Amino acid sequence: MAELPKRYDPKAVEPKWYQRWIDNRDFVANAKSSKPPFSIVMPPPNVTGVLTLGHVLNNTIQDILARRARMQGFEVLWLPGMDHAGIGTQTAVEKYLRRTENKTRHDLGREEFLQRVLEWQDKHGGIIIEQLKRLGCSCDWTRQRYTLDHAYAAAVKKAFVDLYQRGLIYRGRRMINWDPAAQTALSDEEIVSKPQKGNLYFVRYEIVEEPGRFLEVATTRPETIMADTAMAFHPSDKRYADLLGKHAWRPLAREKIPIIADDAIDPEFGTGVLKVTPAHDVVDFEIGQRHNLPIIDVLHLDGRINCPAVPELNGLDRFEAREKAAQLLQARGALAKMEPYENNVGFSDRSDVPIEPRISEQWFLRYPKTKEALAVVRDHLIRFFPVHWEKVYAQWLENIRDWCISRQVWWGHRIPAWYAKSQIPSSKSQIYVGVAPPNDPENWVQDADTLDTWFSSWLWAYETMDQETRKKFYPTSVLVTAADIIFFWVARMVIAGLEFEPGKSSTTEDNIPFHHVFFTSIVRDQQGRKMSKSLGNSPDPLELIDKYGADGLRFGLMRIAPTGQDIRFDEKQIEEGRNFATKLWNAARFRQMHGPSDPAPKIDTQALSIFAVEVLARLNETIDAVETAYREYQFNIVAQRLYDFVWSDYCDWFVEAAKTDIFGEDDAKKKSALAVMDFVLSAISRLLHPFMPHLTEELWFLLGFGKASIQFAAPPQKVGLGEVEDIPGKRQLVLAVYQTVQAGRNLRAESNLPPNRKIRFILRAESKAIFNQIPTLTRFLNAEEVELNPKYQAAAGTPVAITPLGEIFMAIDAADKARERERLDREIAKIENDLQTVEGKLQNSSFTDRAPAAVVEEHRRRLADFTAQLGK
RNA sequence: GGGCGGUUAGCUCAGUGGUAGAGCAUCUCGUUUACACCGAGAGGGUCGGGGGUUCGAAACCCUCACCGCCCACCA
């Protein structure tokens, strides 16, 4: 076997193994296998997405789970795929068209536009899948799916038709969230509220029946006054009680409107009077319904004012119109005052513009099975990790409202509904809903809208599987996702599973989409901001892979990913991951320099050195700790325990201690030490394989453990140390030796003796057991000799430390003392010189960087320090 | 307004009743044949504030402050 290079080279190793795994079809799931199933469906990234650190985290976790399950003997399915991302993709293409051709989608028309999207998708789509392969993801690529696949699209249509026939999907004219930029309806979940600075306008409405008397109202939206159809106050509000039933003059688009009383009004806010604008506000709409008020819509779809009656405002953008309306009111004496005001405004998550509540004819889903969905999580048929997300989930389901599923977007699943041509555009038109067009298509026209992307994703847990696959692998074992899509996706998938019952029986257990949900952290930058493309604060994972290797990136990221908290990303952590890979590599390299490893390492418990007992006991503890942490999805703890075991327990202590035997004359001892190394290296390779698949496979191969890939090697079992005598005694002795080593090293450092200088130590103790450990102590301390002398009488001033083994003395000879003196003299001379320079500069006042007094002070202090040492 | 997290060394984080920890960073020393992507040593924290429970609190309870997230129709 050729000697390994000093450094592990991921660039050479990682692609090689990945290709081999693919060629061997190692990731392909066999639905006919007799092994127990383990399955994960990948949260489908957007088709035109590129890899972010969030994806790296999420998919590394899934890969760890998949690889671990494979080693444990499960038949593993990790099903990958992509999402068409309706609005997102369409917006990207529209932006591109505007930039390059200065055209809108309407200029091109639906057919042509969709053609362009397909071209865009061919060019930019699927990149992320290739990037996931660089990361080492062990997905079954033969089963890769897309939310627009033919079969998948058919399933989406069928789900729509089924729910329509069950009366759960309906078309209705209702208040929805309108995105004036994307010009589509959105669901409640796609709205984020943000505090907005604006003004509170106090507007005076004259009472029709009592000219000269005014009703004052506080509003943030004077541009919608033309759409007011009533004034309202709280029924118990005595200030206005006498006005009930009377009328007010609407100051813009002057008109009489009724004055009403409604419980929804807060008497404490503003003047206690609300202008009721049913077309442009959710609460107002409800009030309007209760009082049978007319609905006047004064906005175009793009957010411009649509009100020819007020030409000054007509056609203006809503925000310009707001200021203009205030000016108009002022000019007419209808504006009492204006106050700066901050309130929460709903923004489109997609376009980042304020949404416009608006009455619109849309398709809605009345969620089925909400109680059941609540129950399966409450009763832990589905378990959440961390558990506190259960509460968030429950809160949403308990306050659930119908889901607006239609989008005025072209890219996506077109709604399988047709309207009788003869009756268009009446909203009462006869509707045909079916998976196939009507038999007489010439008489019908299909609904122009598409479905919310999530209306296709919510079937992802099972529509990605064929019947045979589903029978074996559904429900899936675990879902790994970020908590920000708990409503969008997680909750809806639960509902879909319970409603459509894709499982092998109709029991709840067979139909939930997953047994566990693990919510990952969110990756943030060092200022705590969420990583995002627009901020440009997200490092390119591929560059990190180039720099540190996929395994280094994976391990580094996992070690800092706490459960239930966000990650503060720091590239340093990834560097540590890379360093750890190199450390492990070198540990293996050291073993390999002493001859070939045993392909199936076994432990002869009778031959073990005390240090071997210690490291094996620690290995057992590590195996236990790792197992426990996995059960709670605490990947950071798994990573940290393995890191500590490899670096500290194995490399720093055991390997160093074992060198006594390895470089010694006793063949039996040497053999035993090497066997323990083989055993431990084999174990840690397997323990680390889920985190660092490429490196561990390479080591597995180079060290010759097992004939087959490490991917299917069984996880290491704890070593049976039962036959070893007096384990606690041995371990205690090892700890005592290690503590003595630390004490000795400390003596050396305190006396400023370089680590490489051979010196003599005297251990004042008497014990046969200690006598056997003297060579190892000598090695650890890099000593010329460690003398065991129970009667040692030290000269005054000999450095000494107390250890569990006894007192350890360090013998310094005259030469050492002389050299130390020389060193101190040199230091003093240097500082005196510096001090002179500083004081010189001080006089020329040529100081720029630091406070000169502080520098002088520091030098004086160091000088005193060294002089004191010299005195000793 | 309600809910949920968090506040421990300069930084990132462990630590759920018993002597405050790790890695990185800092400082000192070192190329002693696995590894300088390394080794050895050192310094550094009144565990956000206040109160309580307890023989004993970073941890349990109360309260306050600050940071972050989610939900909610105060115009």
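This is a predicted model, so every value here is computed, not measured.
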Just checking A:Asn343: base, sugar-phosphate only, or nothing, at a heavy-atom cut-off of under 4.0 Å? sugar-phosphate
Just to be sure I understand the rule, does A:Ile486 reach a base, reach only the sugar-phosphate, or reach nothing, if contact means heavy atoms closer than 4.0 Å? nothing
Round to the nearest Å and state the distance from A:Trp585 atom CH2 to B:A36 atom P. 15 Å
Should A:Lys659 be listed as having a side-chain N or O under 4.0 Å from OP1 or OP2 of B:U32? no
A:Glu576 has an atom CD; how far is it from atom C1' of B:A22, in whole Å? 10 Å
Between A:Arg7 and B:C37, does any side-chain N or O lie under 4.0 Å from OP1 or OP2? yes
Ring pair (Phe, Tyr, Trp, His ring centres under 6.0 Å) involving A:Phe663 - partner list, sequence neighbours excluded: A:His594
Could you list, one pair per line, each protein nitrogen or oxygen that sits under 3.5 Å from a nitrogen or oxygen of nucleotides 2-4 of chain B, together with the distance?
residue	atom	partner	partner atom	Å
B:C4	OP1	A:Lys391	NZ	3.1

In whole Å, I'd like the distance from the CZ atom of A:Arg589 to the C1' atom of B:C37. 13 Å
Quick one: label A:Phe780 by what it contacts on the DNA or RNA (base, sugar-phosphate, nothing), any heavy atom closer than 4.0 Å. nothing
According to the Watson-Crick and G-U wobble definitions, with both distances under 3.5 Å, which nucleotide is paired to B:A20? none
Taking a pair as Watson-Crick or G-U wobble with both distances under 3.5 Å, which nucleotide is matched to B:G68? B:C4
Between B:A34, B:A22, B:C73, which one does the side chain of A:Arg401 approach most closely? B:C73
Which nucleotide, if any, forms a Watson-Crick or G-U wobble pair with B:G56, using both distances under 3.5 Å? none
Centres of the A:Tyr367 and A:Trp403 rings: under 6.0 Å? yes
Please write out each protein N/O paired with an N/O of nucleotides 39-45 of chain B under 3.5 Å, distance rounded to 0.1 Å.
residue	atom	partner	partner atom	Å
B:G39	OP1	A:Lys583	NZ	3.0
B:G39	OP1	A:Trp647	NE1	2.5
B:G41	O3'	A:Asn746	ND2	3.2
B:A42	OP1	A:Asn746	ND2	3.1

Given B:A34, B:C24, B:A72, identify the nucleotide with an atom nearest to the side chain of A:Ser193. B:A72
Classify A:Glu189 by what it touches in the nucleic acid, base, sugar-phosphate, or nothing, heavy-atom distance under 4.0 Å. nothing
How close or far is atom P of B:C24 from atom CD1 of A:Ile574, stated in whole angstroms? 15 Å
Using the ring pair (Phe, Tyr, Trp, His ring centres under 6.0 Å) rule, pick out the option among A:Trp389, A:Tyr633, A:Phe385 that qualifies with A:Phe518. A:Tyr633
Can you tell me the distance, in whole Å, between the CZ atom of A:Phe487 and the C1' atom of B:C69? 11 Å
May I have the distance from A:His234 (atom NE2) to B:A75 (atom P), rounded to whole angstrom? 17 Å
Just so I know, are the side chains of A:Phe519 and A:Thr481 near enough to count as touching, which here means a heavy-atom distance under 4.5 Å? yes
Proximity to the side chain of A:Asn344 - top-ranked nucleotide from B:A34, B:A75, B:A72: B:A72
Could you check how far CG of A:Leu674 sits from C1' of B:A34, rounded to whole Å? 13 Å
Determine all donor-acceptor pairs shorter than 3.5 Å in which one atom belongs to a side chain in residues 192-199 of chain A; sequence neighbours excluded.
residue	atom	partner	partner atom	Å
A:Lys194	NZ	A:Asp352	OD1	2.5

If you look only at pairs with a residue in residues 629-639 of chain A, which of them pass as a salt bridge (charged side-chain N to carboxylate O under 4.0 Å, His left out), with sequence neighbours excluded? A:Glu627-A:Arg631
Side-chain N or O of A:Tyr201 less than 4.0 angstrom from OP1 or OP2 on B:A75? no
Roughly how many Å is it from CD in A:Glu575 to P in B:C24, rounded to a whole number? 10 Å
Nearest to side-chain heavy atoms of A:Ile560, which nucleotide of B:C35, B:U12, B:C74: B:U12
Does any nucleotide pair with B:A42 by Watson-Crick or G-U wobble geometry, both distances under 3.5 Å, and what is it? B:U26
A:Phe488 and A:Glu190: CA distance, side-chain angles, deciding distance, side-chain contact (heavy atoms from CB on, under 4.5 Å) verdict: CA-CA 9 Å; A:Phe488 282 113; A:Glu190 285 161 292; 3.6 Å; yes
Answer with yes or no whether A:Asp570 presents, from its side chain, a donor or acceptor under 3.5 Å of a partner atom in the base of B:U12. no
Heavy-atom side-chain contact between A:Glu575 and A:Arg578 under 4.5 Å: yes
Contacts of A:His694 meeting ring pair (Phe, Tyr, Trp, His ring centres under 6.0 Å) (sequence neighbours excluded), chain-then-number -> A:Trp21
